[in-house]
Amino acid sequence: MGLIDALIRGSMPLVPRGLIWLVARRYVAGATLAEALARVAAVRDQGYGAIIDVLGEGIDDRAGAEAAAREYHLALAGLEGLDPDCPVSAKPTHLGLTVDEELCADLLSQLCEAAATAGRRVRFEMEDAPTIDASLRVFERVRGQHENVGCVIQARLFRSADDIKRLLSVFGAGLDVRLVKGIYLEPAEIAWTEPQPISDSYHSLARTLVQAGARVALATHDHVLADACAELARAAGWCEGPLAERRYEFQLLMGVQPREAARLQALGHPVRIYVPYGQDWHAYSMRRLQRNPEIARHVLRAFLRLG
Ligand code: FAD
């Protein structure tokens, strides 16, 4: 099965964009902001919160980073009157981290300022290990100026417990972390590579954050882990009162495990759906398909029928 899945994954780049799009619609709102805003409204109609992400990463020039930031400002403007609390989420290398750290910090800071005027939050994501030191430097600097920015911590990395300890020592309960397992497959010298130690690390980091009173976004589709983390929130007395005032929430990717989102919602937890959009939808969708051999198999069958 492993070999067949690997072959299916490897065949995905041969499939035409039009066919990929038929499936990608599940994971991506569209290429334009208008499509993203329509999806945010649909997500709200289902009783979930939303998060907007402009697709893109690995920008290698100033103009590209500034263009990405402009799109985020348009997204913030577009959300006015539509969704009072939808945050935006941005990747460091989309905002020019590897072009110039200073530029990235300025663009993130301006984004936080614009978001703050509408009472919104900004999430600074984490990418592969070589970018993390610089990303955390930018985050810590901008968080020192703007309270409405949070970061992402990847449970698979050995360093994450120390990173959280340091961030808590600086920002205390004002720290806002989205906890993820980590999408980047890092080498065994710096990261756990097997599912169980990654889950154990996730749970341990969640416990540290909850006990410190930090805000925690539990971004996982793993229902066993979600239940274990919900228990931490319950034990801390966090599961009472209005959803909007909770210190924790669950976050899931659009189109991934919708039943899990509904289950968490039915259990009374705040749930937010990550809504990505943008011209880079093709690369993002290919990554989602390569993660999910079931759907990739359908795409490949349809492709072979066309041929
Ligand atoms: P898993 O055990 O990997 O998955 C549980 C179940 O969900 C499995 O059945 C699995 O097949 C299915 N599943 C999970 N993810 C997908 C997918 N993408 N496509 C199809 N099926 C899937 N990672 C980072 O490194 N940096 C970030 O900034 C970041 N931001 C994120 C934001 C959100 C809102 C979410 C939900 C995830 C984010 N991630 C980020 C990705 C995260 O690190 C994991 O790779 C991803 O969520 C899968 O781990 P899991 O906890 O869901 O558990």
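Atoms within a ligand are numbered from 1 in the order they appear, just like the ligands themselves.
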message = For the CD atom on Glu147, are there more than 12 heavy atoms of other groups (residues, nucleotides or ligands in this structure) within a distance under 6.0 Å?
response = no
Test of proximity, Ile183 against ligand 1: N or O pairs below 3.5 Å = yes
task = May I ask you to check whether over 12 heavy atoms, not counting those of Arg259, lie within 6.0 Å of atom CZ?
result = no
task = Pull out every atom of ligand 1 sitting under 4.0 Å from any heavy atom of Tyr184, numbered as shown with elements.
result = 25 (O)
What side-chain donor-acceptor pairs closer than 3.5 Å can you find for residues 184-196, not counting sequence neighbours?
unit_1	atom_1	unit_2	atom_2	d
Glu186	OE2	Ala129	N	2.8
Gln196	NE2	Asp200	OD1	2.9

note = Val152 heavy atoms within 4.0 Å reach ligand 1 at atoms 27 (C), 28 (O)
task = Select one of side chain, backbone, both or neither to describe which atoms of Val256 lie under 4.0 Å from any atom of ligand 1, heavy atoms only.
result = side chain
request  = Check Glu260 against ligand 1 and report side chain, backbone, both or neither, counting heavy atoms closer than 4.0 Å.
outcome  = neither
inquiry  = Can you name the atoms of ligand 1, numbered from 1 with element, that are less than 4.0 Å from a heavy atom of Gln154?
reply    = 24 (C), 25 (O), 26 (N)
note = Nearest heavy-atom approach of Val138 to Glu101 is CG2-CG, 3.6 Å
task = Could you tell me if any non-hydrogen atom of Arg178 lies under 4.0 Å from any atom of ligand 1?
result = yes
query = Of Leu167, Val216, Ile153, which is the lone residue that meets side chain to side chain contact (heavy atoms under 4.5 Å, CB included) with Leu175?
reply = Leu167
note = In ligand 1, the atoms that come under 4.0 Å of a heavy atom of Gln257 are 6 (C), 7 (O), 8 (C), 9 (O), 12 (C)
query = With side chains defined as the heavy atoms from C-beta onward, is the minimum distance between Leu76 and Leu111 less than 4.5 Å?
reply = yes
request  = Using a strict 4.0 Å cut-off to heavy atoms of Gly182, name the atoms of ligand 1 that fall inside it.
outcome  = 25 (O), 42 (C), 43 (O), 45 (O)
key: side-chain contact (heavy atoms from CB on, under 4.5 Å) partners for Pro276, two or more places apart   = Asp53, Leu55, Met254, Tyr274, Tyr284
ask   = Just which atoms of ligand 1 are under 4.0 Å from any heavy atom in Thr220?
value = 50 (P), 51 (O), 52 (O)
ask   = Hey, which atoms in ligand 1 end up nearer than 4.0 Å to a heavy atom of Glu125?
value = 28 (O)
request  = Using a 4.0 Å heavy-atom cut-off, say whether Gln251 meets ligand 1 through its side chain, its backbone, both or neither.
outcome  = both
key: Of Arg121, Gln251, Arg178, the residue whose pairing with Ser89 passes side-chain hydrogen bond (donor to acceptor under 3.5 Å, both in side chains)   = Arg178
